[in-house]
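Following: one structure in structure tokens, then a few remarks.
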Amino acid sequence: MIDRFRREVYQSFEQRGDAGMDLIDALTSAESVESPVGQSESPLFRRRFSSVYDFLKQGRMLLPELRRVLHKNQPEDAEQIAGYEVYVVDCTDDPAPEAKTLLDRIRSKKGRHAPVEVGHRYSWLVRAIEQRTSWCMPQDIRRVPTESTDSQVGMEQVKELAERNDRPKVVVADSLYCNVVFLAVFMTVQAVYALVRIRSNRVLYEEPPEHKPGQKGRPRKHGDKFKFSSPSRQPDQTENCTLFGQTVRLTAWEGLHFYQLPFLVGMVLCVQFLKSDGTPRFQRPLYLFWTGPTSVALVDLARMYLWRFAIEHMFRFLKQHMGLTSSNSPNLEARLRWIWCCAIAYSQLLLVRHEVADRRPDWHPRFVRGQLRPMTPRQVQRQSLAFLMALGTPASDTQPAGKGSGRPVGYRPEPRKRFPIVTKSKKQRKSA
């Protein structure tokens with residue numbers, strides 16, 4: 001599969017594909033990434049350092065074709081839960097606080113006590129591959145423009161995901177996606193369901209009473225209010241189970257909807273971790289909203305959401321060991337190409353994780369509960385250089401091109417244009 005994947009990725013480059021493929025291989029086996037041009041020192045990058053700049057600035061990547069390649073080459077051993085493929089959508093920041101010539105920067109703040117960040121946001125849609133690990137398969141990456149929101153971009157990604165095939169899928173997201181913009185798409189797509197976290201202070205509504213014949217006025221859209229702090233009725237399902245060695249109490253209420261989405265009826269699941277004496281382990285339980293069939297086991301829904309945290313570990317690995325945020329280019333397209341290179345390199349690590357030599361250090365644990373522990377992305381990255389050197393590359397060999405003429409005598413480039421930082425109002429953030 002890795003040969004087909006590399007060949008199809010190479011064919012997705014319309015211009016500067018040879019340099020792009022060498023750059024991806026260099027990222028796949030990088031010891032450390034401080035900047036994109038630093039990867040020209042890798043033995044897998046057979047060109048001069050200027051080819052890195054040429055590819056990032058002038059290369060052409062057919063993004064629809066790359067998305068098709070990533071979806072087509074998902075690992076055959078990708079796991080499912082209750083017959084559903086589990087996908088995760090989330091955003092990550094690309095900080096650029098000092099890049100005054102970079103267009104469309106936005107000032108964002110993740111939480112009340114979090115620092116203010118200036119830069120771009122990118123929405124990632126990934127397929128969760130293996131439980132109890134951080135392995136994911138990137139499927140789509142899109143920049144969130146300042147005139148849009150995380151939810152709007154995520155909604156577009158879900159639409160495209162639903163058009164690929166009719167296999168049952170679950171899209172898992174955190175509480176920032178629990179809004180009308182993102183959830184409304186699940187009323188129109190087929191075989192794709194949402195599992196999103198709900199804040200504990202949200203209010204939902206029961207189904208309205210039946211409209212009696214002869215009753216005046218239009219039929220009601222909403223029933224009684226449903227508050228998590230004081231549920232108005234007994235739960236429809238309750239069970240205790242064990243998740244990752246901890247006792248968990250699962251409680252579910254069916255037939256609930258949001259005020260702005262009266263026709264999207266779903267189920268609310270309360271996940272509460274317990275201590276050995278039966279008391280709650282955390283101050284607040286975890287509330288989830290499920291739009292799929294109520295026949296799915298509650299423990300499977302809880303496992304689906306907890307699997308979401310694999311994307312957080314993927315983001316950390318990409319930033320620490322692949323330099324996801326190391327590009328300082330003032331060109332929007334160049335920064336997006338670099339992020340796509342990181343995603344493709346990570347996908348290569350995923351596809352070769354069973355083929356590289358297992359030479360992890362002696363102080364790294366090898367067995368968990370008597371079973372061989374899967375190699376982590378970093379362990380695979382450390383062993384991928386020898387594997388890629390022996391595998392070869394679909395890119396063409398280098399050809400001498402001579403020395404460039406350089407800038408004409410007396411040429412003075414005009415200063416780059418400065419762009420202001422976009423700050424969204426509180427009303428705009430709430431509407432997201």
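Residue indices begin at 1 and follow the sequence shown. This one's a predicted model, so the numbers in the text were calculated from it and none came from an experiment. Hydrogens, waters and symmetry mates are skipped; everything else that's a heavy atom, side chains included, is used.
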Salt-bridge present ([X], [Y]; N to O < 4.0 Å):
X      : Y      : answer
Asp94  : Lys319 : no
Arg378 : Glu31  : yes
Arg249 : Glu239 : no
Arg143 : Asp104 : yes
Asp90  : Arg308 : yes

Test applied, side chain to side chain donor-acceptor pair (under 3.5 Å); reference residue, Arg121; option that passes from Asp150, Thr149, Thr92
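It is Asp150; the other options fail the test.
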So which heavy atom on [X] is nearest to which on [Y], and how close?
X      : Y      : value
Pro280 : Lys275 : O-CE, 3.7 Å
Gln383 : Arg359 : NE2-O, 3.4 Å
Asp77  : Arg353 : OD2-NH2, 2.9 Å

Within 6.0 angstrom of [X] [atom1], more than 12 heavy atoms from elsewhere:
X      : atom1 : value
Glu147 : CD    : yes
Phe228 : CZ    : yes
Arg303 : CZ    : yes
Glu254 : CD    : yes
Arg46  : CZ    : yes
Phe419 : CZ    : yes
Arg164 : CZ    : yes

Treating [X] as the side-chain partner and [Y] as the backbone partner, does any N or O pair qualify as donor plus acceptor under 3.5 Å?
X      : Y      : result
Arg105 : Ala99  : yes
Ser12  : Glu8   : yes
Glu333 : Lys57  : no
Gln39  : Leu23  : no
Arg127 : Gln74  : no
Asp300 : Val296 : no
Gln348 : Ala343 : no

Quick check: do Thr251 and Gln237 have side-chain heavy atoms less than 4.5 Å from each other?
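Answer no - side chains too far apart.
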Is the distance between the ring centroids of His222 and Tyr259 under 6.0 Å?
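Yes, close enough.
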Contacts of type ring pair (Phe, Tyr, Trp, His ring centres under 6.0 Å), residue [X], not counting sequence neighbours:
X      : answer
Phe5   : none
Phe315 : Trp124
Tyr346 : Trp135, Phe317

List the atom pairs, donor and acceptor, that lie under 3.5 Å between side-chain atoms in residues 155-163 and the rest of the protein, sequence neighbours left out.
unit_1, atom_1, unit_2, atom_2, d
Gln157, OE1, Ser123, OG, 2.7
Gln157, NE2, Ser123, O, 3.1
Glu160, OE1, Arg142, NH2, 2.6

Going through the distances and angles, do Leu204 and Phe289 end up as a side chain to side chain contact (heavy atoms under 4.5 Å, CB included)?
CA-CA 10 Å; Leu204 281 79; Phe289 185 73; 3.9 Å; yes
Go through Val192 and Phe186 one step at a time and tell me if the side chain to side chain contact (heavy atoms under 4.5 Å, CB included) criterion holds.
CA-CA 7 Å; Val192 181; Phe186 294 95; 3.9 Å; yes
How far apart are the C-alpha atoms of Val380 and Val352, what are their side-chain angles, what is the distance that settles it, and do they pass the side chain to side chain contact (heavy atoms under 4.5 Å, CB included) test?
CA-CA 8 Å; Val380 177; Val352 304; 4.0 Å; yes
Can you list everything that forms a salt bridge (charged side-chain N to carboxylate O under 4.0 Å, His left out) with Arg67? Sequence neighbours excluded, please.
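Listed in chain order: Asp140.
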Who pairs with Asp174 by side chain to side chain donor-acceptor pair (under 3.5 Å), at least two apart in sequence or on another chain?
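For Asp174 there are no side chain to side chain donor-acceptor pair (under 3.5 Å) partners, ignoring immediate neighbours.
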